[in-house]
Amino acid sequence: MTTATIQPPHLNPEQLKAARRLSRRQGLFAPDLLKSALKRAFVMLRPDILWKNPVMFTVEVGTVLSIVYTLVKAIDPSSTLATLGYLVALDAWLFLTVLFANFAEALAEARGKAQADALRKTRQETPAFRLPSHVDPATALAADVPAEGTVSTALQEGDLVVVEAGQFIPGDGEIVAGVASIDESAITGESAPVVREAGGDRSGVTGGTRVLSDRVVVKLTAAAGKSFLDRMIALVEGAARQSTPNEIALSLVLSTFTLIFLVVTATLWPMARYTEQYMAGYLGAAGLKSLGTDIPTLVALLVCLIPTTIGALLAAIGIAGMDRALRANLIAKSGKAVEVAGDIDTLLLDKTGTITLGNRKATEFRPVGSFAAAELGRLAALASAADETPEGKSIVDLYRKQRGSDFNAVPPAGSKFVAFTAQTRMSGVDLPDGRSIRKGAVDAVLKHLKHNGGTVPPLVQEQVNAVAAAGATPLLVCEGNTLAGIVVLEDILKPGIRERFERLRKMGIRTVMVTGDNPLTAKAIAEQAGVDDYIAEATPEAKLAYIRKEQHGGRLVAMMGDGTNDAPALAQADLGVAMNSGTQAAKEAGNMVDLDSDPTKLIECVEIGKQLLMTRGALTTFSIANDVAKYFAIVPALFAATLPWLKALDFMNLASPVSAIMSAVIFNAIIIPLLIPVALKGVTYRPVGADALLRRNLLVWGLGGVIAPFIGIKLIDLALAALGLA
Amino acid sequence: MIFLPVFIIGLTVALSVPLGRYMARVLDRDGPRNAVERWLDTGGQTWKQYVYAMLVSNVVMFVFGFVVLATQPWHPALFNPDNKGMLSPTTIFNTATSFLTNTNLQHYSGEVHLTYGSQVFGIMYKQFLTPAVGLAALLAVIRGLRGDKHLGNYNLDLWRGLIYIAVPLSVIVGVILIAGGTPMTFKGNVEAQTVQVGAMGTEAVDGKDVPKPQTIARGPVAAIVAIKQLGTNGGGFFGPNSAHPLENPTAWTNVIECVCIILIPMACIVMFGAMIRNMRHAGAIFGVSLVMLAVFAAWGVYHDAAKPNPGLAGGPAVLDAKGKPHAVTTLDADGKPEQKPLPDHATRERVALPVTQDTGNLEGKELRFGPGAGPTWAACTTVTSNGSVNCMHDSLNPLAGLTPLTGMWLNCAFGGVGVGLINMLIYLVIAVFLAGLMVGRTPEYLGKKVEAKEMKLAALALLAHPILILAPVGLFAAAGWLDPSTNNPGAHGFSEGVYEFTSASANNGSGFEGLGDTYGFNDKDKNPSAPAPFAPHWDIACGLVMLFGRFIPIIAPIAFAASLAGKKPTPFTSGTLRTDTVTFGCVLLGTILLVGALMFLPVAALGPMAEHFGPLPFGR
């Protein structure tokens, strides 16, 4: 075991992020939100808006019908057995049912809007300096190129703007010239500045972020108001919200139930009349009436039976899902992206940053031939003195740790440093005394030695393989044409990563580690981290091929990427999350953008998606299960005046027929606002496997859905009786 | 009392496993195997081609059956020894439809109204063919769910269902029944001179009153009874169906006939498991169906054989919670309600007749089989869409009457040959949809994602049944056709009407009876009793309900399965909903009860429950 899991030295990014999110979280029922949601709830009563929700539209039509029959009763008192007071109360509660449903949706929208507004503050009009279109980006950095002063909202896609230190970047784009440190805290909340530069995979900049130093030319990739953030804001606000496939299927099921119960209640009228007739004939009692032929009461039955609870909360659940993604600093390009996240079967995770702590660390010097470990350490440290990469620094650190801090491996003055290039894949130093020290990848150094006529001691290859097989990366160090030894670079696993993968496995998700390491190292790390598979020596093509292979087997694949060469794979994956720091091409190809550029975000993504679907399923089950109690409350009440012995079916022993019907209607109405928190927060997801999850949700929402209304209706009935309204 | 249902159900379960495996082997063969099959085989069909072939064959069957029934007076003497006349046109339509849809609802009395020609060529061939059609539909659905490229070939499926299943099994059962005493002949009625005076009364012979000779109907009974039981047909040779001593002579033929009712529907589930190579999933469905059947049978036996006949046994006064007689409410012209208590004779304590009630409700039972045999048969015949009877369902105690009604309302516990499992699949899809969401994934069934298109088709199939039952009951109640047709007043009469449409929509065919739905011969004078006043209404309405109730729930699921067949399978992971566990069985059962049963609670309350809880006497 050469790899170690250690606690990160200072700040824990997880905690930091959690703290930041906490500060952003607003109360579920913040007063200003309530006010705007209430206003909107009334606006949404308009039939042309409401008809998109068939369940609630049915309730609205029923309410109108009920009001009409209330008026008829006012004119002709013998039209129905129901009293005017009861009818008015019924109308009011039916109306409230629709209003509560609208309120739930409006509240979800308002919360999303508030969240979006916070983001939108970053997109206020900022001054911008546009370059003439004919300017070559490469020369644009020269101070003398004339820039035209304008505002961010007037900019078009493709415009070149110059941004200097202290200025805000006017829109989403890509740096085409220059390098700058940028404060992205406005979007990500991360206070440490990041470096963005032209070329490579870290060229993307986001509108509203501030350049801290230097001067860059940015090519805008989205016109004002069309950036990702704008799209996401529109999605969360509901303006551009389209029903997702799963939502459509569920709406269909809900419409079916509505239709079935419409048939049940509509045909009950002639049946109830039939009962009145035969009882009247039997008793010789003309004018025998029951509530079964009272239209408003039948409407009440209908409203209680159709799945109003889920019908009212369905839109809110969808919006809340987007909202939760946004809170996690994930910008989804569509609601579908969030939904797909729940279905993911395979996760492609980059090793670096996700599975291991960013960088490798030197942990051991293994000398070969006549060299001593200390000598090898010194040589390696000298070669790394000018190496600013984390690996290079870790070599110097290791040498100091082994020898004491006063051993400074500072090359004497006049030394010439040789920088790492992709061609030589070595770096080192040429000392003034003529000695040249090199360190680098195994094959590169061996080639270097051979080229310089050096000899390679026997068994080096075996040693190298042993290091690789243990999940570490071997570096060779040589002095002149003599091999000095091996520096062992080890990956440090992120703390808790094994448990996280265990969690994913329980969710039914395969994890695949993507790494540039050789297969031996990759295999060892994969085993230690507990991933299911790995792609070693990964190239963009290899990733793409792997995704295709998985998809061919019917799996849905999610991956995260930042580079332009990730774009094809991101587009091919069912869920592609692009890092905000990544290139524009990557962002365009993915269907989500992670503002934190955090590689572990995929896991959160999946949980948000699953939670969204679960909440829908749980509330639908609850809604339908509620019908049992409502039936047993209302059916005996409907026929209390004709078949009074059906009271035997009234297990709740409710005070009176009128009170039974009112209690059921009131329960049906107030359960909507009571469940708004569940709809907005989502049903808790636990990675315990499908069967256990199903059992739990069945108990809570299925069985609970059967039992809860029995208790609720009885309590309301007791309250009505206590108030003398029964 | 308990032994009989347990023995019957247990024996059938044991027989269904090998039969189901045999069915999967012979029905699911790839391509034609012999000259006949090569001639019939037109190659693999898409769902549209398959449904088209099915509809064409059904149209042909309908026309042929209609013509046979409509030409009854001209049937040759061999097939019409008793010279029977023309049936009423609506009855012909109803009967042709009834047997086409595997319903076998009979608005006539076989031995009175039909010639042997009509029995054999108008009816019996359909009793062989329609279960084969149901099996073919199921085979198509299963192949779709399995992800086959084609749904198979309809001709081939129909032929194999007929030749390998329907014919051989009914030959075996027919021979057993003949051994048991069931007649099999084309000879006409016989007259028997009885010693005692029977229902026929007496006639004067040589100045002495002697008992009139008794006319005993007979015919090719064994052949019809065997396939009627096996093919979930139910249309008996005689009016009283399997309560008739020549249709069901002994206690052990009763057991065999009852086993035959549920045998093939049970085997269908085993066949399903074998074909999709997932016996555990089929086991879950089988378990849920078995639980339902057991509960229905137990409910029926308990409320009928273990409870007295309320008309004969005494009972306490029917009072409300405050100990006062129940009161109904009337409304005067000013809208003032008035409470009107029920008359004393309706609510007071009832004195028992001096008849022992230890053996339960014996009214309408065939005592040769014992009191428990009736409700057991009633449960078996209504969970499946068989509809044959060996007791009078109309005479079951009110709550026991819920057993056959609920069996048909749900119509999915084993169900009709082929179609029963298809109905179950609809509930299964709803269950999978809800449960799938609850585990946080897009719902999947057998590894295929269930999305909007599939739900649309499932919804169509689900909607048909309640609409086809409730809407005509409402119509008949509103139009005033229901009341004059019923034999009993009040809630029981209402149950009779509900039962008729339930039976028609479930393609069951049993009757609560007591309903005036028989017109008889077109020539009114030829009828022994006057035609029922609204018989044509019942003929036409039930005929239409049977047609829609048969074909919508077959075609929509075939389209559903075909839609799933075209999808890419998703691999099974620990995050996938398992459909082969006890948990899922509970979900399925819960869905059936919540979705399937709840919508019939109001009619159940107005019918059997109102009758049970209410006072006994009802007058018109």
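Just so it is clear, the structure is predicted and the values come from calculations on it, not from any experiment. Chain letters run A, B, ... following the sequence lines, proteins first and then strands; every chain starts at 1.
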- Max heavy-atom pairs within cutoff under 4.5 Å with chain A, candidates Ala479(B), Ala597(B), Ala477(B), goes to Ala477(B)
- Note on the structure: Only one of Thr620(A), Thr621(A), Thr615(A) passes side chain to side chain contact (heavy atoms under 4.5 Å, CB included) with Met438(B), and that residue is Thr621(A)
- Query: For Asp320(B), is it the side chain, the backbone, both, or neither that has a heavy atom closer than 4.5 Å to a heavy atom of chain A?
  - Reply: neither
- Message: What part of Val635(A) gets within 4.5 angstrom of chain B, counting heavy atoms only: side chain, backbone, both, or neither?
- Response: side chain
- Does NZ in Lys336(B) sit with more than 12 non-hydrogen atoms of other residues, nucleotides or ligands closer than 6.0 Å? no
- Item | Atom pair NZ (Lys453(B)) and CD1 (Ile248(A)), whose distance is rounded to the nearest 0.5 Å | 14.5 Å
- Query: Side chain, backbone, both or neither: which part of Arg505(A) has an atom under 4.5 Å from a heavy atom of chain B?
  - Reply: backbone
- Does Pro270(A) reach the side chain of Leu475(B), with side-chain heavy atoms less than 4.5 Å apart? no
- Query: Would Leu649(A) and Met609(B) satisfy side-chain contact (heavy atoms from CB on, under 4.5 Å), going step by step from the backbone distance to the final call?
  - Reply: CA-CA 9 Å; Leu649(A) 293 178; Met609(B) 291 181 190; 3.5 Å; yes
- What distance do Thr256(A) atom OG1 and Ile430(B) atom CD1 have between them, rounded to the nearest 0.5 Å? 7.0 Å
- On a heavy-atom basis, the closest approach of Ala435(B) and Leu694(A) is CB-CD1, 3.7 Å
- Query: Is there a donor-acceptor contact under 3.5 Å from the side chain of Tyr631(A) to the main chain of Leu601(B)?
  - Reply: no
- Item | Heavy-atom proximity to chain B below 4.5 Å, by part of Leu288(A) | both
- Task: May I ask you to decide if Gln551(A)'s main-chain N or O and Lys568(B)'s side chain share a donor-acceptor pair within less than 3.5 Å?
- Result: yes
- Task: Please round to the nearest 0.5 Å and tell me the distance separating atom CG of Leu319(B) and atom CH2 of Trp645(A).
- Result: 12.0 Å
- Test side-chain contact (heavy atoms from CB on, under 4.5 Å) on Phe257(A) and Val595(B) and set out the steps. CA-CA 8 Å; Phe257(A) 286 137; Val595(B) 176; 3.6 Å; yes
- Message: For Ala333(B), which atoms come within 4.5 Å of any heavy atom of chain A: side chain, backbone, both, or neither?
- Response: backbone
- Item | Inter-residue atom distance Leu606(B).CG - Tyr274(A).OH, 0.5 Å rounding | 10.5 Å
- Task: Specify which of Gly480(B), Gly575(B), Ser574(B) makes the most heavy-atom pairs with chain A at under 4.5 Å.
- Result: Ser574(B)
- Heavy-atom proximity to chain B below 4.5 Å, by part of Thr642(A): backbone
- Among His326(B), Glu444(B), Gln339(B), which residue forms the greatest number of heavy-atom pairs with chain A at distances under 4.5 Å? His326(B)
- Message: Tell me the closest heavy-atom pair linking Thr80(A) and Leu331(B), and the distance in Å.
- Response: O-CD2, 3.2 Å
- Query: Side chain, backbone, both or neither: which part of Val253(A) has a heavy atom under 4.5 Å from chain B?
  - Reply: side chain
- Item | Exercise: identify the closest heavy-atom pair between Val439(B) and Met614(A) | C-CG, 3.9 Å
- Message: Just so I know, are the side chains of Pro343(B) and Leu283(A) near enough to count as touching, which here means a heavy-atom distance under 4.5 Å?
- Response: yes
- Message: Can you tell me how far apart CZ (Arg616(A)) and CZ (Phe433(B)) are? Round to the nearest 0.5 Å.
- Response: 9.0 Å
- Message: Can you tell me which of Thr570(B), Leu470(B), Thr573(B) forms the most heavy-atom pairs within a distance under 4.5 Å of chain A?
- Response: Leu470(B)
- Out of curiosity, Leu434(B) CG to Asn697(A) CG, how far, rounded to the nearest 0.5 Å? 12.0 Å
- Are Val264(A) and Phe600(B) close enough that some pair of their side-chain heavy atoms sits under 4.5 Å apart? no
- Can you tell which of Pro571(B), Gly447(B), Ala452(B) has the highest number of heavy-atom pairs within less than 4.5 Å of chain A? Pro571(B)
- Among Leu556(A), Asn246(A), Asp343(A), whose side chain to side chain contact (heavy atoms under 4.5 Å, CB included) with Arg441(B) holds? Asp343(A)
- Query: Non-hydrogen atoms of chain A under 4.5 Å away: do they reach the side chain of Lys456(B), the backbone, both or neither?
  - Reply: both
- Task: Specify the closest pair of heavy atoms between Pro466(B) and Val263(A), including all atoms of both residues, with the distance to one decimal.
- Result: O-CG1, 4.4 Å
- Side-chain donor or acceptor of Tyr278(A) paired with backbone N/O of Ala491(B) under 3.5 Å: yes
- What part of Ala327(B) gets closer than 4.5 Å to chain A, counting heavy atoms only: side chain, backbone, both or neither? backbone
- Task: Name the region of Thr581(B), side chain, backbone, both or neither, that has any atom closer than 4.5 Å to a heavy atom of chain A.
- Result: side chain
- Pick one of side chain, backbone, both or neither for Ala286(A), based on which atoms fall under 4.5 Å of a heavy atom in chain B. backbone
- Contact part of Lys567(B) toward chain A, heavy-atom cut-off under 4.5 Å: side chain, backbone, both or neither? neither
- Query: Does any non-hydrogen side-chain atom of Leu594(B) lie less than 4.5 Å from one of Val628(A)?
  - Reply: yes
- Message: Which atoms of Lys647(A) are under 4.5 Å from chain B, going by heavy atoms: the side chain, the backbone, both sets, or neither?
- Response: neither
- So, the part of Ser290(A) with a heavy atom under 4.5 Å from chain B: the answer is neither
- Message: Please classify the contact of Arg555(A) with chain B as side chain, backbone, both or neither, using a heavy-atom distance under 4.5 Å.
- Response: both
- Task: Taking all heavy atoms of Leu268(A) and all of Pro602(B), pick out the closest pair and write down the distance.
- Result: CD1-CB, 3.6 Å
- Item | Contact winner vs chain A - Val603(B), Val587(B), Val498(B), heavy-atom pairs under 4.5 Å | Val587(B)
- Message: side-chain contact (heavy atoms from CB on, under 4.5 Å) for Met271(A) and Val473(B)? Distances and angles first, verdict last.
- Response: CA-CA 8 Å; Met271(A) 296 183 199; Val473(B) 172; 3.8 Å; yes
- Heavy-atom distance under 4.5 Å to chain B: side chain of Ala640(A), backbone, both or neither? backbone
